[in-house]
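The block underneath contains the structure these notes are about, expressed in structure tokens.
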Amino acid sequence: MKSSYLFFTAFMALASCALAFDPSPLQDFCVAINDTNNGVFVNGKLCKDPKLATANDFFFSVKEGNTSNSLGSKVTPVAVNEILGLNTLGISLARIDFAPRGLNPPHTHPRATEILIVLEGTLYVGFVTSNPQNRLITKVLNKGDVFVFPIGLIHFQLNAGYGNAVAIGGLSSQNPGVITIANAVFGSNPKISSDVLTKAFQVDNKIVDNLQKQFWYDNN
Ligand SMILES: *[C@@H]1O[C@H](CO)[C@@H](O)[C@H](O)[C@H]1NC(C)=O
Ligand SMILES: *[C@@H]1O[C@H](CO)[C@@H](O)[C@H](O)[C@H]1NC(C)=O
């Protein structure tokens with residue numbers, strides 16, 4: 001009696017452990033609907049019959065990114081949209097090319113931690129911790145150096161060298177997502193009210209107008 005009670009308790013502890021989390025979203029949101037005929041499949045993609053999978057389902061060839069743009073950087077994602085075989089596997093990567101002084105501007109990945117290795121050049125990188133500390137943690141990276149950007153935190157990479165730079169970021173999601181801070185705040189569609197932005201950034205209307213008039217290049 002006693003041992004079966006213990007077994008039951010242990011089983012329930014394990015069961016509640018296994019059910020302690022909802023699955024993490026793999027897209028920005030998923031509004032529930034009642035009518036399944038009007039829905040789409042989310043949190044992953046439909047799966048191909050495994051017997052029909054081929055090598056090309058797990059393959060992609062990354063080219064050098066074109067850095068002739070206002071940021072001087074180009075991110076080439078290799079995620080589930082590029083390699084369909086990544087579906088459900090929780091991993092992806094990105095190649096980032098930098099012209100001299102090129103910047104991958106402050107951004108966050110809502111669904112992934114990033115581990116970055118520099119293949120060529122010198123990068124000044126950093127991230128900022130959550131409120132209220134907002135501590136800036138930075139490092140200058142050279143060829144072969146690796147740095148981690150924890151999930152959700154705002155981070156950036158600047159080419160601090162004289163030549164081009166190349167880095168590869170590994171990401172802990174098949175669809176990490178990118179929110180570039182300037183683009184989201186000043187380049188949203190439609191625009192965020194200047195009542196919001198003047199107060200939030202402690203600047204006057206003219207500055208907000210000016211920022212909202214800029215073209216916010218998306219290097220992804
Ligand atoms: C969904 O369907 C249920 C059952 O028919 C109904 O009670 C509920 O109000 C519906 N919810 C919405 C948001 O339409
Ligand atoms: C790189 O992008 C620039 C600006 O869009 C374009 O003019 C140029 O032809 C591109 N270079 C290559 C090699 O594709």
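Every value quoted in this text rests on a predicted model; they were computed, and no experiment measured them. When a ligand or atom number is given, it counts from 1 through the structure's own listing order.
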Q: Verify side chain to side chain contact (heavy atoms under 4.5 Å, CB included) between V185 and F201, making sure each step is shown before the conclusion.
A: CA-CA 11 Å; V185 172; F201 289 89; 3.5 Å; yes
Please tabulate, line by line, the atom pairs linking an N/O of ligand 2 to a protein N/O at a distance below 3.5 Å, with the distance in Å to 0.1, or answer 'none'.
from     : atom 1 : to  : atom 2 : distance (Å)
ligand 2 : 2 (O)  : N66 : OD1    : 3.3
ligand 2 : 2 (O)  : N66 : ND2    : 2.3
ligand 2 : 11 (N) : N66 : ND2    : 2.9
ligand 2 : 14 (O) : N66 : ND2    : 3.4

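In summary, the aromatic rings of H155 and F127 are positioned with their centroids too far apart to meet the 6.0 Å limit.
Applying the salt bridge (charged side-chain N to carboxylate O under 4.0 Å, His left out) test to every pair with at least one member in residues 63-79, sequence neighbours left out, gives no pairs at all.
Salt bridge status for D204 with K206: absent, with no side-chain N to carboxylate O gap under 4.0 Å.
Residues F156 and P105 share a closest heavy-atom pair of CB-C, 4.2 Å.
Side-chain contact of N134 with N131: a donor-acceptor pair under 3.5 Å is present, judged by distance alone.
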